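Reading through the structure tokens given below for one structure.
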There are 2 protein chains.
Amino acid sequence: MALPLLLLVGVGGLRAAERSGGSSGSSSAMEELATEQEAEESHRQDSVSLLTFILLLTLTILTIWLFKHRRVRFLHETGLAMIYGLIVGVILRYGTPSSSGRDKPLSCSQEDRPFTTLLVNVSGKFFEYTLKGEISPGKIHNVEQNDMLRKVTFDPEVFFNILLPPIIFHAGYSLKKRHFFRNLGSILAYAFLGTAVSCFIIGNLMYGVVKLMKLVGQLSDKFYYTDCLLFGAIISATDPVTVLAIFNELHADVDLYALLFGESVLNDAVAIVLSSSIVAYQPTGENTHAFDAAAFFKSVGVFLGIFSGSFMMGAVTGVVTALVTKFTKLHCFPLLETALFFLMSWSTFLLAEACGFTGVVAVLFCGITQAHYTYNNLSVESRSRTKQLFEVLHFLAENFIFSYMGLALFTFQKHIFSPVFIIGAFIAIFLGRAAHVYPLSFLLNLGRRHKISWNFQHMMMFSGLRGAMAFALAIRDTATYAHQMMFSTTLLIVFFTVWIVGGGTTPMLSWLNIRVGDHVPSVEEMSESRWLYFRVGVDPDQDPPPTNDNFQVLQGDGPDSERRNRTKQESAWLFRLWYSFDHNYLKPILTHSGPPLTTTLPSWCGLIARCLTSPQVYDNQEQLREEDSDFILNDSDLTVTYGDTTITANGSSGPHTATTSLDGRRTKSSSEEALERDLGAAEHEVASRGTRLVFPLEDKA
Amino acid sequence: MALPLLLLVGVGGLRAAERSGGSSGSSSAMEELATEQEAEESHRQDSVSLLTFILLLTLTILTIWLFKHRRVRFLHETGLAMIYGLIVGVILRYGTPSSSGRDKPLSCSQEDRPFTTLLVNVSGKFFEYTLKGEISPGKIHNVEQNDMLRKVTFDPEVFFNILLPPIIFHAGYSLKKRHFFRNLGSILAYAFLGTAVSCFIIGNLMYGVVKLMKLVGQLSDKFYYTDCLLFGAIISATDPVTVLAIFNELHADVDLYALLFGESVLNDAVAIVLSSSIVAYQPTGENTHAFDAAAFFKSVGVFLGIFSGSFMMGAVTGVVTALVTKFTKLHCFPLLETALFFLMSWSTFLLAEACGFTGVVAVLFCGITQAHYTYNNLSVESRSRTKQLFEVLHFLAENFIFSYMGLALFTFQKHIFSPVFIIGAFIAIFLGRAAHVYPLSFLLNLGRRHKISWNFQHMMMFSGLRGAMAFALAIRDTATYAHQMMFSTTLLIVFFTVWIVGGGTTPMLSWLNIRVGDHVPSVEEMSESRWLYFRVGVDPDQDPPPTNDNFQVLQGDGPDSERRNRTKQESAWLFRLWYSFDHNYLKPILTHSGPPLTTTLPSWCGLIARCLTSPQVYDNQEQLREEDSDFILNDSDLTVTYGDTTITANGSSGPHTATTSLDGRRTKSSSEEALERDLGAAEHEVASRGTRLVFPLEDKA
């Protein structure tokens with residue numbers, strides 16, 4: 001829904017404006033009529049241009065279906081969207097006549113600086129105008145160039161304020177939490193240290209390239225060091241959506257998946273805040289682009305402030321939503337519940353923006369919090385509703401951005417393609433990625449029990465695609481020469497990585513000997529099995545049957561109990577601390593699961609503990625039943641990929657393990673045991689639960 | 001998602017504009033900084049104002065829950081949204097300081113008429129401005145009044161282009177088809193003739209009122225006859241959402257429900273097109289507001305053209321979607337299917353707007369077509385996905401509009417409240433409604449087998465609420481004195497009818513002795529029964545246990561077979577013709593149901609018939625299984641109301657009826673029999689199917 005409504009607003013605005021402008025006077029009916037017709041014409045053109053995008057998306061969807069149907073994996077849907085976008089861009093660029101605009105420069109001059117609103121006196125009537133932006137004198141004739149090209153050009157902030165939030169929220173909401181938390185330390189290291197290292201290395205390399213260009217005479221305008229660093233920040237936001245989709249389809253290793261997905265999600269947040277702090281770097285005095293320690297520390301402070309502020313905003317609204325859904329019986333009315341969930345999640349964005357933080361980052365952490373707490377309080381129907389709602393929004397927004405990228409290569413009117421800069425950028429991102437993946441992995445392996453193998457490191461190196469986030473960051477500011485060159489280069493990098501790297505994932509996986517799932521049922525098989533549509537309670541978060549092969553090769557580890565033991569030891573102390581706090585206090589306060597607060601809180605908090613503990617917790621204790629607190633149904637994975645039968649097979653083959661873990665629960669209750677359970681053994685239980693739910697439904701098919 | 005994104009666009013636009021405006025020159029860094037800060041301030045204010053709306057909606061949702069929980073029925077959610085809107089409106093109006101705007105009238109004059117885009121030279125730099133609208137000279141100082149009030153004022157076209165489409169589409173998509181078609185003739189009569197009559201009567205009465213006001217000296221500006229007619233058209237759009245919600249909850253008579261719902265849905269379409277044609281009424285020559293036969297017939301032509309054009313657009317995109325979903329295996333990928341469905345439905349709107357028709361009307365008919373054909377081709381998951389998606393959008397959009405209405409009473413700055421006009425309008429809408437309900441019902445009863453009883457007529461008379469559509473039509477053009485007065489009056493009428501009539505529905509129903517369903521389980525009962533969330537295949541479209549009491553009282557009719565016989569005879573020949581065409585040709589071509597085309601088409605079409613008939617049709621024939629073609633799962637009804645247990649009870653109590661109708665199907669195959677089946681007996685079959693699906697799931701609770 002999000003995406004193309006926006007243009008309509010523009011449309012509506014214009015139309016209304018011209019209508020109210022046209023209908024208020026009765027002196028010159030013909031003139032009115034002309035304005036009215038002009039407005040309608042413009043409205044029509046807007047509709048046509050929006051239709052173009054819808055056509056593009058429809059085509060993409062149909063082709064994706066065909067590809068999935070025929071199991072073509074060399075081209076991902078996003079790559080496809082870009083190709084269609086390119087084609088339409090070429091048609092729009094060279095196929096439409098360049099109509100002359102109606103714009104004329106007014107010669108009257110204002111005194112000081114531009115007003116946001118302007119009142120213009122046109123032969124006795126007053127008209128209101130709003131500021132759109134500055135146009136450099138050389139571009140005035142460009143503005144008049146092509147009406148159609150201008151129609152399909154979106155305001156860059158649209159990406160940040162409308163298209164990215166659902167994508168990012170969906171990423172946070174569908175984070176595979178168990179594997180994410182299992183690898184939390186590594187993910188944080190990759191995301192924070194890695195992005196900073198990558199940004200710094202790319203920035204410096206690019207500064208070298210720019211110096212070289214200046215020497216050769218390829219640079220025709222200013223290009224500062226801060227611009228280079230900004231480019232480093234922009235291009236450090238990885239988006240391995242293509243790779244992850246293929247991982248999902250092939251059931252590649254879940255730990256690698258968690259590392260890549262977790263890194264890329266947090267990565268985006270870091271890159272956004274990093275670029276904001278680089279922009280905020282404003283040295284005092286005359287020499288505005290030299291190094292200034294005070295300004296540097298201010299930038300660091302901005303980074304920390306924005307990041308922690310956005311994090312807090314996201315967490316707070318998530319917690320509020322969890323409390324509201326826990327203490328009301330809203331779950332009797334899934335529609336109200338879903339609407340509330342949607343509004344609260346969206347308010348995070350606005351709250352963060354209103355407080356001067358970054359909405360997109362806040363939305364990410366809100367999504368994670370919602371998945372961790374609120375999700376447990378929702379009714380079963382609302383769980384699937386919220387999942388599906390954000391899944392559709394995410395899908396539409398993502399494909400829209402990628403097809404817009406294709407279009408922008410031809411319709412954006414201020415491209416500056418510099419071969420030296422582009423080649424330099426490709427080398428720089430390669431080196432930047434290498435310089436953070438390998439050294440960081442080495443350092444992490446010193447502390448990790450199950451090492452990140454060389455194959456995994458190569459795969460991470462290979463999966464450094466750039467996507468929607470890099471594009472949105474680059475298009476945000478294309479006012480100067482340097483930014484325009486950066487934007488054009490970013491576009492090319494996105495194209496290259498999505499097509500080449502995306503297409504090369506399957507060969508790469510087999511070349512690197514990374515295990516993928518065994519049985520992949522055909523589409524026909526899938527459509528036949530009715531229960532596909534009734535999936536409830538099945539957890540996609542579980543490992544493919546022969547898990548952790550890479551780790552086992554490395555360490556010679558044996559069977560199940562051994563592995564569980566290992567996962568217990570491997571968890572860092574910080575994480576264990578957090579986990580026990582979360583399990584003992586946060587979960588019982590915010591959800592209906594976990595141990596009763598009356599047992600975990602000190603006795604003098606008795607009254608509060610009784611108030612906050614929901615009656616269901618006691619029931620759960622007795623019934624030894626735990627809410628699926630750590631398992632999110634990620635329908636997309638199951639629907640788009642072919643994983644279901646594997647799950648069922650897994651579940652039915654290991655019922656005794658499930659019983660064991662259920663029995664074990666009867667005697668254990670501390671957070672340590674719960675942690676162990678959640679990290680190690682839970683997949684069997686879930687799988688068996690999945691079977692229980694699935695088979696009765698299958699009977700009906 | 002739809003609704004408040006829009007403001008963000010404005011926000012984004014402004015922000016980007018000022019940023020790019022600010023960052024291109026390096027000569028005056030301080031000035032740049034000031035602009036940047038100003039832009040950020042404006043962005044923050046925008047976020048705050050949007051947050052206000054979200055807060056409003058959140059509050060509304062929580063209060064609705066409380067009301068539903070405590071089973072308070074005297075105030076509907078929309079009425080509640082308005083009250084909260086009013087409160088916030090008062091606070092904004094009298095609680096915020098009036099900041100002085102930065103707008104200054106520029107004295108430089110353009111030659112002829114305003115340009116849509118303006119380039120302004122500010123001390124050497126060029127800035128682009130876009131036209132927002134004309135401001136009458138007296139209002140120039142009003143513009144500068146209050147920044148916050150301006151922030152919360154939306155572009156009126158937003159309602160038409162963004163908020164109404166999902167509401168109207170949802171109405172079309174969730175039309176209870178069986179009862180709708182059973183009463184098609186009456187509904188069409190009420191919608192077309194009724195609205196025209198109402199519009200004409202209200203228009204003429206208001207013209208009298210206006211004449212009176214002129215005599216008394218209450219009128220300070222022009223108010224033409226066409227304005228009065230426009231008011232008649234605007235205020236003729238009924239929106240009994242409140243009444244229908246209560247009907248749903250109380251399980252009131254389904255035929256009355258169908259009459260009211262069908263009338264109000266088509267009503268909206270008629271009112272929109274009617275108001276467009278009245279606006280299009282442009283007599284030639286100097287005397288622009290006298291009667292002109294040519295212009296009148298042109299208006300009639302415009303009405304017919306726009307209506308049929310919009311109808312065609314909607315039907316065509318619906319049919320295209322049906323064909324695409326039929327002939328691809330997209331149903332294996334519910335996400336793709338849902339996305340395609342959404343995009344295609346939305347493209348209807350744009351297509352209609354691009355062709356100069358009315359998007360909202362096209363969307364309505366698209367919704368009906370999608371429900372009738374495409375819905376059958378969707379996977380089970382997509383069915384609930386699409387339903388739920390549009391349900392959430394509809395819910396958010398509707399409550400947003402109503403809270404905006406509350407807000408607008410205080411924040412709209414051009415209100416003109418004229419007591420005489422308002423009292424006149426209330427009397428006029430009462431008379432207008434009476435003049436179309438009673439005479440039309442009398443005429444319809446001449447032809448109808450089951451008469452519309454007096455009680456029903458009174459209830460229809462009573463249910464003539466005005467809502468979102470009247471508001472959207474009225475706010476669309478508030479440029480002139482007459483239109484401003486019309487807008488203020490419309491607001492008051494909406495408030496009054498939603499609060500008073502909405503609150504009076506339950507007493508009125510019991511006063512008029514209109515039967516309501518028997519067993520209404522409490523919320524606790526509902527939340528306990530787990531299968532509530534697993535509802536699949538349950539049809540809310542079926543009658544409450546003791547159906548058609550009013551008809552039976554009227555005619556002394558007896559048991560089931562008699563009733564079925566009656567429904568058969570009652571259907572008009574036009575409807576029967578359409579039904580057999582639909583059943584024999586359209587359904588088999590567009591869906592997987594109905595008889596094979598090879599049997600219904602003449603033999604020379606053999607090849608085409610074989611290509612178009614899907615293999616499933618033959619299977620269906622053999623298995624005597626029919627797709628749930630005429631039954632839409634309307635989750636909202638079940639979720640928000642308490643109807644499920646009734647269904648199950650009904651289904652399990654009458655299994656032999658179901659068997660009868662299934663047996664009967666073995667020998668009958670003509671469209672006549674299918675019609676009879678669909679109209680009369682199908683509810684039993686569905687009810688039993690519902691039970692079959694529900695019980696296995698209940699086992700797991």
Side-chain angles (χ1 to χ4, degrees), chain A residues 1-2 6 8-9 12-13 16-17 20-21 23-24 44 47-48 50-51 54 58 61 65 102-103 105-106 108-110 114-115 117-122 126-130 132-135 155-157 161-162 330 332 334 336 340 343 347 350 353-354 380-381 385 388 395 479 527 533 696, chain B residues 1-2 5-6 8-9 12-13 16-17 20-21 23-24 44 47-48 50-51 54 58 61 65 102-103 105-106 108-110 114-115 117-122 126-130 132-135 155 157 161 330 332 336 339-340 343 347 350 353-354 380-381 385 388 479 523 527 533 639 696:
Chain A
M1 200 71 203
L6 41 110
L8 271 179
V9 183
S20 64
S23 59
S24 64
R44 229 169 268 186
S47 297
V48 169
L50 253 187
L51 264 177
I54 291 195
T58 310
I61 287 174
W65 164 70
R102 291 175 302 278
D103 323 306
L106 261 187
C108 56
S109 59
Q110 297 176 0
F115 302 110
T117 321
L118 214 64
L119 286 181
V120 178
N121 183 345
V122 182
F126 287 93
F127 289 89
E128 197 181 355
Y129 283 81
T130 45
K132 248 189 107 183
E134 190 187 339
I135 294 161
D155 185 319
E157 289 296 305
N161 292 330
I162 291 162
L330 215 57
C332 302
L336 297 185
L340 184 88
L343 289 176
S347 73
L350 295 172
E353 292 283 319
V380 176
E381 179 159 342
R385 268 187 187 220
Q388 291 173 353
F395 177 84
S527 67
Y533 307 126
Chain B
M1 200 70 204
L5 288 175
L6 40 110
L8 273 179
V9 183
S20 64
S23 61
S24 64
R44 230 168 269 185
S47 298
V48 170
L50 252 187
L51 264 178
I54 291 195
T58 310
I61 288 174
W65 164 72
R102 291 174 303 278
D103 323 306
L106 260 187
C108 55
S109 57
Q110 296 176 2
F115 301 110
T117 321
L118 214 63
L119 286 181
V120 178
N121 184 344
V122 181
F126 287 93
F127 289 90
E128 199 180 354
Y129 284 80
T130 46
K132 247 190 105 182
E134 192 187 338
I135 293 162
D155 185 321
E157 289 295 305
N161 292 331
L330 216 55
C332 302
L336 297 184
L340 184 89
L343 289 175
S347 72
L350 296 171
E353 293 283 318
V380 176
E381 179 159 342
R385 268 186 188 224
Q388 291 174 353
V523 176
S527 66
Y533 309 126
T639 313

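Just so it is clear: chains get the letters A, B, ... in the order the sequence lines come, proteins before strands, and each one is counted from 1. Quantities reported herein were computed from a predicted structural model and do not represent experimental measurements.
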Which atoms form the tightest heavy-atom contact between A/Ser47 and B/Leu350, and what is the distance?
-> CB-O, 3.6 Å
Between B/Gln388 and A/Gln388 the two heavy atoms that sit nearest each other are OE1-OE1, 3.9 Å
Closest contact, heavy atoms only, B/Ile54 versus A/Leu343 | CG2-O, 3.7 Å
